[in-house]
Asker: 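This is the structure, below, for whatever I ask next.
Here the structure is a predicted model, which means the values were calculated and not measured. Numbering of ligands and ligand atoms starts at 1, following listing order.
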Amino acid sequence: MTNTDEPQRVLVTGAARGIGRATAVRFGRDRARVAVNYPPGELEHAQRTAELVTAAGGEPYLVAADVADPAQVTAMAEAVHAEFGPLDVLVNNAGICPFADFFDIDVELWDRTHQVNLRGVFLVTQAFTRQMVEAGRGGRVVSVSSISAWVGGSQQVHYCATKAGISSLMKSLAIVLAPHGITCNAVLPGTIETDINRDDLARPGKREMFAQRIPVGRTGVPDDVAGAIWLLTRPEAGYVNGAELLVDGGMFVNLQ
Ligand SMILES: NC(=O)C1=CN([C@@H]2O[C@H](COP(=O)(O)OP(=O)(O)OC[C@H]3O[C@@H](n4cnc5c(N)ncnc54)[C@H](OP(=O)(O)O)[C@@H]3O)[C@@H](O)[C@H]2O)C=CC1
Ligand SMILES: C[C@H](O)[C@@H]1OC(=O)[C@H](O)[C@@H]1O
């Protein structure tokens, strides 16, 4: 990692809203230079993230790219490198969770969910860690997986498989990249209140069910996850590599 007195160079994918926005702002509080990725055509929310990063003390750089698209990821990597040089921190956060019953999942929905959630992490990590390795300064990769990597969901059959894939990808890359001083870890949020699950949490009884399941007594908020991501990028976390960090208020361990 670089001298901690220098502003860190950070990319957060899917930073227009939710957990990605909170993460971008968390790094902004360290005066970091934060590349705020968003899908093409969705600039408005990303601009709000950029304003919040600036207000926090950071320096935002807006960069459009669909993380599932190889050409757009290559262009994003070139643009961010031209602006910042190699990254210190990559946060793979972009994701979709289109709730669907198993027998309604067609191959298009299956493929799109995998392309954004899993192929996206592969493409973005390969493009940006190639630059990190060439620079020889080490770095950190944190990918947003999910508690759904460890458990199932009746309407998340397609989604859960992508999250298990992300956790697995981080473990293999922890081996590949550690010799270059780059750690790779996954953060596994539980139920966090964002737009991705707004409709699902509005279903009768769903919120109450979670309130009973989660020992800390509340669903999570984006800052809960942003804090965990940030912790994994601190110098003190340099020996944490290939780990999966649950951020779920204790929901997973609450069997009885
Ligand atoms: N909320 C939760 O309970 C949990 C969330 N997660 C994971 O956290 C991550 C963030 O989700 P969350 O903040 O909750 O949800 P949001 O829907 O609020 O945010 C998702 C972000 O990803 C962006 N995005 C979607 N597709 C693409 C793409 N192809 N390329 C680039 N960006 C894209 C969205 O852009 P746009 O705004 O333009 O649509 C949006 O900014 C996801 O990976 C999700 O699976 C994991 C566990 C629990
Ligand atoms: C979007 C869901 O509410 C959320 O996504 C996950 O990964 C968790 O398992 C929650 O179900």
Asker: As a quick check of understanding, evaluate side-chain hydrogen bond (donor to acceptor under 3.5 Å, both in side chains) for T191 and T219, giving each step before the final call.
Answerer: CA-CA 6 Å; T191 297; T219 47; over 6 Å; no
Asker: Could you say whether the N/O atoms of T191 and ligand 1 ever approach to under 3.5 Å?
Answerer: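 No, T191 has no N/O under 3.5 Å of an N/O on ligand 1.
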Asker: Numbering the atoms of ligand 1 from 1, which are under 4.0 Å from a heavy atom of R112?
Answerer: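 That gives atoms 29 (N) of ligand 1.
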Asker: Can you list the ligand 2 atoms lying under 4.0 Å from a non-hydrogen atom of G190?
Answerer: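 Those atoms are 8 (C), 10 (C).
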Asker: If every non-hydrogen atom of G249 is compared with every non-hydrogen atom of I214, which pair is closest and at what distance?
Answerer: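 Shortest heavy-atom separation between G249 and I214 comes out as O-CG2, 3.7 Å.
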Asker: If the cut-off is 4.0 Å to any non-hydrogen atom of I196, which atoms of ligand 2 fall inside it?
Answerer: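 Listed by number with element: 1 (C).
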Asker: Is the closest side-chain donor-acceptor distance between N37 and T13 under 3.5 Å?
Answerer: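 No - no donor-acceptor pair under 3.5 Å links their side chains.
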Asker: For S148, take its heavy atoms, then give the atoms of ligand 2 lying under 4.0 Å from any of them.
Answerer: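 Close to S148: 6 (C), 7 (O), 8 (C), 9 (O).
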Asker: Heavy atom of N93 under 4.0 Å from ligand 1?
Answerer: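 For ligand 1, residue contact (heavy atoms, under 4.0 Å) with N93 is present.
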Asker: At less than 4.0 angstrom from any non-hydrogen atom of N197, what atoms of ligand 2 do you find?
Answerer: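 Answer, ordered by atom number: 1 (C), 2 (C), 3 (O).
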Asker: Relative to atom 2 (C) of ligand 2, which among Q156, M251, E193 owns the nearest non-hydrogen atom?
Answerer: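 Going through Q156, M251, E193 one by one, Q156 has the nearest heavy atom to atom 2 (C) of ligand 2.
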Asker: Does S145, backbone or side chain, put an N or O under 3.5 Å from an N or O of ligand 1?
Answerer: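 Looking only at distances, the answer is no, because the N/O contact criterion of under 3.5 Å is not met.
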Asker: Nearest protein heavy-atom contact for atom 29 (N) of ligand 1: which residue, which atom, what distance?
Answerer: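 The answer is D66 OD1, 2.8 Å.
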Asker: Applying a heavy-atom cut-off of 4.0 Å, say which part of N197 lies close to ligand 1: side chain, backbone, both or neither.
Answerer: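 Just the side chain.
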Asker: Heavy atoms only: which of N37, V67, V247 is nearest to atom 30 (N) of ligand 1?
Answerer: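 When every heavy atom of N37, V67, V247 is considered, V67 comes closest to atom 30 (N) of ligand 1.
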Asker: T191 versus ligand 2: do any nitrogen or oxygen atoms come within less than 3.5 Å of each other?
Answerer: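 Between T191 and ligand 2, no N or O pair is found under 3.5 Å apart.
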Asker: Are the side chain of T233 and the backbone N or O of W230 linked by a donor-acceptor pair below 3.5 Å?
Answerer: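 Here the side-chain-to-backbone pair exists.
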Asker: Are any of the heavy atoms in C97 under 4.0 Å away from ligand 1?
Answerer: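 Outside the 4.0 Å threshold, so no.
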Asker: Students should be able to answer this: which protein heavy-atom is nearest to atom 3 (O) of ligand 1, and at what distance?
Answerer: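 Nearest neighbour among protein heavy atoms for atom 3 (O) of ligand 1, to 0.1 Å: I192 N, 2.8 Å.
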Asker: Could you grab the distance from atom CZ of R119 to atom CG of D69, nearest 0.5 Å is fine?
Answerer: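 It is 7.5 Å, given to the nearest 0.5 Å.
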Asker: Does a salt bridge link E244 with K163, judged by any charged N lying under 4.0 Å from a carboxylate O?
Answerer: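 Result for this pair is no, no salt bridge flagged.
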Asker: Could you list the atoms of ligand 1 found under 4.0 angstrom from a heavy atom of G18?
Answerer: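 That gives atoms 13 (O), 18 (O) of ligand 1.
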Asker: What atoms in ligand 2 come closer than 4.0 Å to a heavy atom of I147?
Answerer: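 Close to I147: 9 (O).
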Asker: Using a 4.0 Å cutoff against the non-hydrogen atoms of I96, which atoms of ligand 1 qualify?
Answerer: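 Contacts of ligand 1 toward I96, numbered from 1: 25 (C), 26 (N).
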Asker: What is the closest protein heavy atom to atom 44 (C) of ligand 1, and at what distance does it sit?
Answerer: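 For this ligand atom, the closest protein heavy atom is Y159 OH, 3.6 Å.
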Asker: Just which atoms of ligand 1 are under 4.0 Å from any heavy atom in A94?
Answerer: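 Those atoms are 22 (O), 31 (C), 32 (N), 33 (C), 43 (O).
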Asker: Any idea which of V116, L201, I196 brings a heavy atom closest to atom 17 (O) of ligand 1?
Answerer: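 When every heavy atom of V116, L201, I196 is considered, I196 comes closest to atom 17 (O) of ligand 1.
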Asker: Could you tell me, atom by atom, which parts of ligand 1 come under 4.0 Å of a heavy atom of A65?
Answerer: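 The atoms of ligand 1 under 4.0 Å from a heavy atom of A65 are 30 (N), 31 (C).
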Asker: What do we get for V225 next to ligand 1 when only non-hydrogen atoms under 4.0 Å count, side chain, backbone, both or neither?
Answerer: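 For V225, there is no contact with ligand 1 at all, from either part.
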Asker: Can you tell me the protein heavy atom closest to atom 21 (C) of ligand 1 and the distance?
Answerer: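 That would be G14 O, 3.5 Å.
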Asker: Considering V144, T49, V36, which one's heavy-atom position lies nearest to atom 7 (C) of ligand 1?
Answerer: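 Of the listed residues, V144 has the closest heavy atom.
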Asker: Using a heavy-atom cut-off of under 4.0 Å, does the side chain or the backbone of F99 touch ligand 2, or both, or neither?
Answerer: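 Just the side chain.
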Asker: Check ligand 1 against E42 and write out every atom of the ligand that is under 4.0 Å from a heavy-atom position of the residue.
Answerer: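 Within the 4.0 Å cut-off of E42, ligand 1 contributes 38 (O).
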Asker: Measure the distance from atom 7 (O) of ligand 2 to every protein heavy atom, then report the residue, atom name and distance (to 0.1 Å) of the closest one.
Answerer: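 Looking only at protein heavy atoms, the one closest to atom 7 (O) of ligand 2 is S146 OG, 2.4 Å.
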Asker: Would you mind running through ligand 2 and noting each atom that sits below 4.0 Å from a heavy atom of Y159?
Answerer: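 Result: 5 (O), 6 (C), 7 (O).
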Asker: Roughly how far, to the nearest 0.5 Å, is the CD1 atom of I96 from the OG1 atom of T162?
Answerer: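 That separation rounds to 8.5 Å.
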Asker: Do any N/O atoms on R17 end up under 3.5 angstrom from N/O atoms on ligand 1?
Answerer: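 The answer is yes, given that R17 and ligand 1 share an N or O pair closer than 3.5 Å.
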Asker: Return yes when G220 approaches ligand 1 closer than 4.0 angstrom through a heavy atom, no otherwise.
Answerer: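 The answer is no: ligand 1 sits nowhere under 4.0 Å from a heavy atom of G220.
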Asker: Could you go through H81 and E134, starting from their C-alpha distance and side-chain angles, then the distance that decides it, and tell me whether this counts as side chain to side chain contact (heavy atoms under 4.5 Å, CB included)?
Answerer: CA-CA 12 Å; H81 192 276; E134 283 170 7; over 6 Å; no
Asker: Please list, in number order, the atoms of ligand 1 under 4.0 Å from a heavy atom of K163.
Answerer: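 Matching atoms, with element in brackets: 7 (C), 42 (C), 43 (O), 44 (C), 45 (O).
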Asker: How far is atom 14 (O) of ligand 1 from the closest protein heavy atom, and which atom is that?
Answerer: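 Scanning the protein heavy atoms, the shortest distance from atom 14 (O) of ligand 1 goes to T194 OG1, 2.6 Å.
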Asker: Where's the contact between E44 and ligand 1, heavy-atom distance under 4.0 Å: side chain, backbone, both or neither?
Answerer: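 Neither; nothing of E44 gets under 4.0 Å from ligand 1.
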Asker: Should R17 and T194 count as side-chain neighbours, where that means a heavy-atom distance under 4.5 Å?
Answerer: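 No, their side chains stay 4.5 Å or more apart.
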Asker: Identify, by atom number and element, the atoms of ligand 1 in contact range of G95, meaning under 4.0 Å from any of its heavy atoms.
Answerer: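 Contacts of ligand 1 toward G95, numbered from 1: 20 (C), 22 (O), 25 (C), 42 (C), 43 (O).
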Asker: Taking D223 first and then R26, would you say they form a salt bridge - that is, a charged N and a carboxylate O separated by under 4.0 Å?
Answerer: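 No, no charged N to carboxylate O under 4.0 Å.
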